[in-house]
Each structure stands twice: as structure tokens, then as C-alpha cells.
Amino acid sequence: MSNHDPQVLLTGVTGFIGGRLVRNLAAEGIKVRCLVRSPRKLPGALQSLPGVEFVSGDLLKADTLVSALEGMGAAYYLVHSMGGRNLAEIHSFAERDRQAAENFVKAADAAGLERILYLGGLGELGDNLSEHLVSRLQVAKILQSGRARATVLRAANIIGAGGAPFEMLRHLVERLPVMVCPRWVDTRCQPIAVENVTDYLLGCLREPATAGLTLDIGGLDIITYRQLMQIYARVRGLRRLIISVPMLTPRLSAYWINLMTPVPAGIVMPLVEGLKNEVICRENRIRELVPIRLISMEEAICTALTETERGPGALPSRQACFLR
Ligand SMILES: NC(=O)c1ccc[n+]([C@@H]2O[C@H](COP(=O)([O-])OP(=O)(O)OC[C@H]3O[C@@H](n4cnc5c(N)ncnc54)[C@H](OP(=O)(O)O)[C@@H]3O)[C@@H](O)[C@H]2O)c1
């Protein structure tokens, strides 16, 4: 990108993906404006990144989006509404997601935004899809309905330190020598390393041919959740026994995952419901459009463990992975 390139709006900077992407954008010299609804959650290190500014805004408050989008050429949409402080909030995430996306498209059209880059979820409609995955598809459709050309990247579980899938995996395998799981343990998925996801997000901004496309992104390994847990155990040198019991319901397993891990119930519940759905790339056009080195799950887990121990950006170390 050159100095004449339009500035980029980033939503979700206090989150797992946005907090990483902003560093990559700044390192590339791209000017970024971050829309933040809870500035107290912003890590100090992000606030001093060169070329990065922060504005207050909330996707559920349409009037806060107009000035945030002014002068922007492209915007990353890296937001979901799962979570919540009470049962009513936990169960109404899809409605908030719909409202937020509609507000955003309206404001983007008014501001003359050219491109939207959205990271959503894999999974096919009509496949008894979980409410969370249906909501991700609905958001994609809304974002594609405006005048800006939307690039939709669809991913399964993203593996990286601090992300919900890795933290659930880490706490379960570390804490439970014997795991009793429902049938979902043998569902297939195609997890991807968070470093590969941020590379794709940046690559799509740079590659105009990705504008307006829906592209599946996945890692090298198509595996079951059982195999994912076994890879984690192998990387950590742990012996683990995983038993599947057909009568255990996803709801029940969500309760014990919530007990065993620090991931909030409002996130665990919808994610665990989605474990029944196969999340595998239907096509791999992204590999030609944005060629990058894909990271194996073993390396992704090793990097995430190293970062958990030594902080963001630490290189994978055999000490962090094999020798504890
Ligand atoms: N993590 C994964 O494994 C995974 C897999 C596939 C796809 N994705 C997609 O990647 C995107 C980012 O996910 P993530 O894992 O980074 O999520 P995350 O860590 O939970 O972060 C969510 C972000 O959304 C922001 N947000 C929520 N509601 C908002 C609102 N009304 N206005 C403004 N900001 C709002 C949050 O801000 P606050 O800090 O203020 O709450 C936070 O910055 C989502 O679209 C998700 O579907 C993630």
C-alpha cells in the first residue's frame, strides 16, 4: 500500500483477531482508525502503535458510526455479539449481530465506503447448523447487501493464545487425564492458525481480486476434535484418554467446559452447540489469490503455548512445548 491508499477502519480491536491484526497493519505502514466501545479494555501497547488512532463507537448505536467511517476506504468487520451478563443477553446474540451489521452497512453506504472485509464462520445452511453459525452467515449476507464490495472469509476454529477455541482446548487437555465427551468429539473440522488468518486478512486488503468474494480459509489439517486434543497432548507430552458417550448432550458438555475453562458461559454455549457441525473448506481459491505458508496444527499449538508463556510475538520454542 502507498501513502495515497485510503485509511482503514478496524472494528473489534479489543478482541482476539482485531488485537493482532492492528499490529500487522501498523507494521505495514497502513493508517488505521479503530472503532472502540470499551476503551478501558485497550492494552497500553496498542495505544502507541504508529499510524493508529482510536475513536469511540458502538455498532449498536448507529449515530456513533457516521463520523467513524468518514474518509475511510475500507473497513474490517471483526465483531460478534456472543457473551452477555445474563441469560437473556446470552440467548439474544443473533439479534444484536443482525442489528450491528445493518447499522454498519447503512453507515458505510452513507460514507461511500469501498470495501468491507469480514471474518465469519464455515458451515452450510440446512445442515442443522448451530444458531451461532447461522448468525455468522446472516451477518455475511447483510454486509454483502450494501454498496461496498464485501470480502467474506469463512473460518472454522482459529488456534492462537487468548482465543476461545485454544483456551478451551488448553484447559480441557491440561486438566483432564480422562475426558468423557459427547459424539461431537468425532466431528471433523479444519482449524487454522491465527497467524494464517491475519495474513489472509491483510492479503485480501492488498489483493483487489478478492473484493466481493466469499472465500473459505482453513489450515493444512482436516481432523476430528478428538485428533485436535490428541495433537495438543502430544505437543505437551501428556497422556490422555478420550472416551465418547453418545447420551451426553452438547448442552451438558457446555456446562462442564464452562466449569473447567475460564471462557465465559455466553461464549462456550453457542460455540459448543456448533461442535456438531462439520466445518471444512468447500473450496481453496484463497490459496491462489493470497499465497501464504500454511501452518500445521502442531506448530500452531506450539506457538500458542509459547505466547501463553512469553507474551505476544514469541517464536515457537521446544521448551514451551515439549519439556515441561
Ligand atoms: N475466534 C475464532 O476462533 C473465530 C473463528 C471463526 C471466525 N471468527 C470471527 O472472527 C471475528 C472476531 O472474533 P474474535 O474471536 O476476535 O472475537 P472476540 O475476541 O470475542 O472479540 C469480539 C470483538 O467484537 C467487539 N464488539 C462486540 N460487540 C460490539 C459492538 N456492538 N460495537 C463494537 N464492537 C463490538 C468486542 O468489543 P468489546 O471489547 O467492547 O466487547 C471485541 O473487540 C468474528 O466475526 C468471529 O465470528 C472467529
Side-chain angles (χ1 to χ4, degrees), residues 9-22 33-43 46 54-65 68-69 75-85 89 92-104 107 116-123 130-140 142-143 150-169 189-198 200-201 215-219 228 263-264 266-268 270-272 274-275 277 279 281 300 304:
L9 182 79
L10 176 66
T11 62
V13 70
T14 50
F16 168 51
I17 305 292
R20 288 168 180 265
L21 183 64
V22 69
R33 179 183 293 168
C34 303
L35 178 96
V36 192
R37 71 168 173 174
S38 358
R40 68 192 158 74
K41 284 198 196 167
L42 267 178
L46 294 192
F54 298 89
V55 296
S56 274
D58 184 331
L59 290 162
L60 292 172
K61 295 178 183 154
D63 56 325
T64 65
L65 305 179
L69 278 156
Y76 283 104
Y77 196 91
L78 303 175
V79 167
H80 68 77
S81 303
M82 287 185 297
R85 286 151 298 187
E89 278 186 16
S92 57
F93 67 88
E95 173 52 25
R96 287 196 301 280
D97 273 336
R98 185 191 58 75
Q99 190 61 61
E102 282 179 2
N103 290 346
F104 190 75
I116 295 175
L117 298 104
Y118 164 60
L119 178 60
L122 278 167
S130 73
E131 196 185 355
H132 162 57
L133 294 175
V134 171
S135 166
R136 295 292 81 199
L137 293 181
Q138 186 182 38
V139 167
I142 295 168
L143 295 177
T151 302
V152 174
L153 296 185
R154 307 189 335 142
N157 339 65
I158 299 172
I159 300 298
F166 177 73
E167 295 310 326
M168 290 199 284
L169 174 70
C189 60
Q190 192 171 357
I192 180 168
V194 67
E195 295 80 8
N196 282 163
V197 173
T198 49
Y200 278 143
L201 285 166
L215 300 163
D216 292 357
I217 60 171
L228 184 59
V263 181
I267 293 191
V268 169
L271 288 188
V272 171
L275 296 177
N277 298 118
V279 275
C281 297

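Every value quoted in this text rests on a predicted model; they were computed, and no experiment measured them. Remember, it's 1-based here, ligands and their atoms both numbered in the order they're listed. Just so you know, residue 1 is the first one in the sequence shown, and it goes up from there.
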Compute the shortest N/O to N/O distance between [X] and ligand 1 and return yes if it is under 3.5 Å, no if not.
X    : value
R37  : yes
G18  : no
I158 : yes
D58  : yes
R136 : yes
H132 : no
L59  : yes
S81  : no
L119 : yes
G57  : no

Notebook entry, point to check: What atoms of ligand 1 come closer than 4.0 angstrom to any heavy atom of G120?
Noted result: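 Going through ligand 1 atom by atom, the ones under 4.0 Å from G120 are 6 (C), 7 (C).
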
Next item on the list: State the atoms of ligand 1, each with its element, that fall below the 4.0 Å cut-off from a heavy-atom position in A156.
Entry: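 Checking each atom against A156, I get 5 (C), 6 (C).
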
Note to self: For A164, state whether at least one heavy atom is located under 4.0 Å from any atom of ligand 1.
What the structure shows: no

Notebook entry, point to check: What are the two closest non-hydrogen atoms of L215 and T151, and how far apart are they?
Noted result: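 L215 and T151 have their closest heavy atoms at CD1-CG2, 4.5 Å.
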
Check: For the atom pair CG (L35) and CZ (F54), what is the distance rounded to the nearest 0.5 Å?
Finding: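 Spacing of CG (L35) from CZ (F54) equals 11.5 Å.
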
